[in-house]
**Student:** 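Dropping a structure here in structure tokens format, bear with me for questions.
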Amino acid sequence: MRFAPAPTGYLHLGSARTALFNYLAARSVGGAFLLRVEDTDLERSRPELVDVVYAALEWLGLDWDEAPIRQSARVEAHQEAVEDLLARGLAYWSDPVPEGDRERTGGRAYDPADRDRGLGPGAGRAVRFRVDPDATGATSVGWDDEIRGRIDFELANLEDFVLRRADGSPTFFVANAVDDAHMRVTDVIRGEDLINVTPKYLLLRSALGVASADLRFAHLPLIVNEQRKKLSKRRDDVSLLDYRDRGYLSEAMVNYLALLGWGPPDGEEVRFDPLGEFPAMFRIADVGESPAGFDVRKLRHVNAEHIRHLGVAHFAERARPYFAATPWADRYRDETFALVAGEVQTRVETLAEVPGYVDFLFLADPEVDEASWDAAFAGDAPTWLAAVAEGLAEWPWTSAELYERTMALAEELGASRKRFQAPLRVAVTGRRVGPPLFESMEVLGREETLRRVAAALDRAAETEAPGP
RNA sequence: GCCCCCAUCGUCCAGCGGCCUAGGACGCCUCCCUUUCAAGGAGGUAACACGGGUUCGAAUCCCGUUGGGGGUGCCA
């Protein structure tokens, strides 16, 4: 099995899923998972673009067997194949047909008449494969797809495709056929969008004398967006590594990607060690044939499950890089975060959300969310907060004590617990949503808490009696 | 236009001729728990595109229609 991405500067989500399924298929039968970089296009062979592919695969944990093959390093073999086909009359030199002159070729960009013109190399001239029923003795090509069953194409519907561009470079058709034979690929697992190049690939192999009888094909369903269209760079978030930056765990990503077109037979979707568990239960034939919609909400859920499954220390460790991206990164302290990490863990769905939950512990002053303020400080709230402030000055400073005493005070003043804690929460954290309040206060300390409460009280007074 | 693929809850996955009054998951809704928000617990909402066959019997097989998607590059 091989994964053959074209280096584009990022690893597409769909490619990542294809890589994963190749990996699972290989590991499930003890086969090899090979990597081949499809950089036949000069543009695509820049080393930094290739490194991105490796980095993405490594992040997912998809380790490949043997050294990766760069197609750009194998052009000689590709050229030889083209020469061979040319020599045997299975390929021919073809001139491009200009846009305005396509009426005579039935709208085609090439002229089939070139087949028998016996042209040689020339400026702007490419080499095309001669799709000729006589060459194979058959009028159609097809294969038994592992996922979809029989698929056939009439040769009459196939065009004479380009083998060598006018600039002399071989196309991916040749590179694919030649390299797959060279690498002894037994299973071709790729996206559904490649179904229609398969007949050309098959034709080429047989022209080159490579048997395809034992070759298995599996065409995976496409991953589509909400509009049911193939995920595209323009419209959708398709870069795998961007998900890492957005706070997704690689194991959650692998877990979710595997759920697109497939599912564990036992129905247990969330697996904390997908790469370890899935191979034993994966069968390529079980993969579905209809397009899979990418659902970020479900991805978030799977990610949240994986986050919660982490040990607190690991969670804190894996969240650390996300603090580095904040404006207050220099104020961050592992020791402080460790005190509330457990509480944050059950509340976030991605690691990127973590800093936003605890920023008030590190900021000199909490950033006040106006909507929260307005909601919390309505009615008797300022009076309540003032009452709490008095208690805060003398109560024992443990979360349990603070909780008990504050709630007792709420009852005394005839306020609901929920509404009573709101102004205190906003005063201390700046928001009405966050980790448990009294635990947070314990971490912050009496002095700082009192300072913030006093500041909030001042602000409330100003708001009520504006201006001197 | 031509070629190819697909068609079960809004979404993902089960179902592969009778076990289906169609199951699980995400989402959504309700309730419980509760110091906010989560997490957790208990319920609920919601689908076999349509029409013909085949069969004692069809979500499951066949054909058609409709719908959606992919391809149609001297990109891969």
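All figures in this text were calculated on a predicted structure; none of them were measured in a lab. Order of the sequence lines sets the chain letters (A, B, ...), proteins ahead of strands, with each chain counted from 1.
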**Student:** Regarding D286(A), tell me which of base, sugar-phosphate or nothing describes its non-hydrogen contacts under 4.0 Å with the strands shown.
**Tutor:** sugar-phosphate

**Student:** Answer with base, sugar-phosphate or nothing: what part of the nucleic acid does L158(A) contact at a heavy-atom distance below 4.0 Å?
**Tutor:** nothing

**Student:** Just call it for E439(A): base, sugar-phosphate, or nothing, with non-hydrogen atoms closer than 4.0 Å on any strand.
**Tutor:** base

**Student:** Just to be sure I understand the rule, does E269(A) reach a base, reach only the sugar-phosphate, or reach nothing, if contact means heavy atoms closer than 4.0 Å?
**Tutor:** base

**Student:** Once you round it to whole Å, what is the distance between C1' of rC5(B) and NE2 of H219(A)?
**Tutor:** 11 Å

**Student:** Return whichever of R148(A) or P435(A) has its heavy-atom-nearest nucleotide of RNA chain B closer to the 5' end.
**Tutor:** R148(A)

**Student:** Using atom C1' of each nucleotide, how far apart are rC48(B) and rU60(B) to the nearest Å?
**Tutor:** 10 Å

**Student:** For G124(A), report the nucleic acid contact type (base, sugar-phosphate, nothing); a contact means any heavy atom under 4.0 Å.
**Tutor:** base

**Student:** Side chain of A292(A), heavy atoms from C-beta onward: which of rC74(B), rC12(B), rC37(B) has the nearest atom to it?
**Tutor:** rC12(B)

**Student:** Among residues two or more places apart or on two chains, list those pairs meeting salt bridge (Lys or Arg N to Asp or Glu O under 4.0 Å) that have a residue in residues 403-424 of chain A.
**Tutor:** E401(A)-R405(A)

**Student:** Name the one of N303(A), L310(A), L249(A) that satisfies side-chain contact (heavy atoms from CB on, under 4.5 Å) with L351(A)?
**Tutor:** L249(A)

**Student:** Can you check the distance between rC9(B) and rG15(B), where both ends of the measurement are the P atom (answer in whole Å)?
**Tutor:** 16 Å

**Student:** How would you label the contact of F294(A) with the nucleic acid (heavy atoms, under 4.0 Å): base, sugar-phosphate, or nothing?
**Tutor:** nothing

**Student:** What is the nucleic acid contact for V348(A), judged by heavy atoms within less than 4.0 Å: base, sugar-phosphate only, or nothing?
**Tutor:** nothing

**Student:** Please tell me which of the listed nucleotides, rC6(B), rU36(B), rG70(B), lies nearest to the side chain of E289(A)?
**Tutor:** rC6(B)

**Student:** What's the closest nucleotide to the V197(A) side chain, out of rA76(B), rU36(B), rC3(B)?
**Tutor:** rA76(B)

**Student:** Kindly point out which of rU36(B), rG27(B), rC74(B) is positioned nearest to the side chain of A126(A)?
**Tutor:** rC74(B)

**Student:** Go nucleotide by nucleotide along RNA chain B from the 5' end; which of Y256(A) and N196(A) gets its closest nucleotide reached first?
**Tutor:** Y256(A)

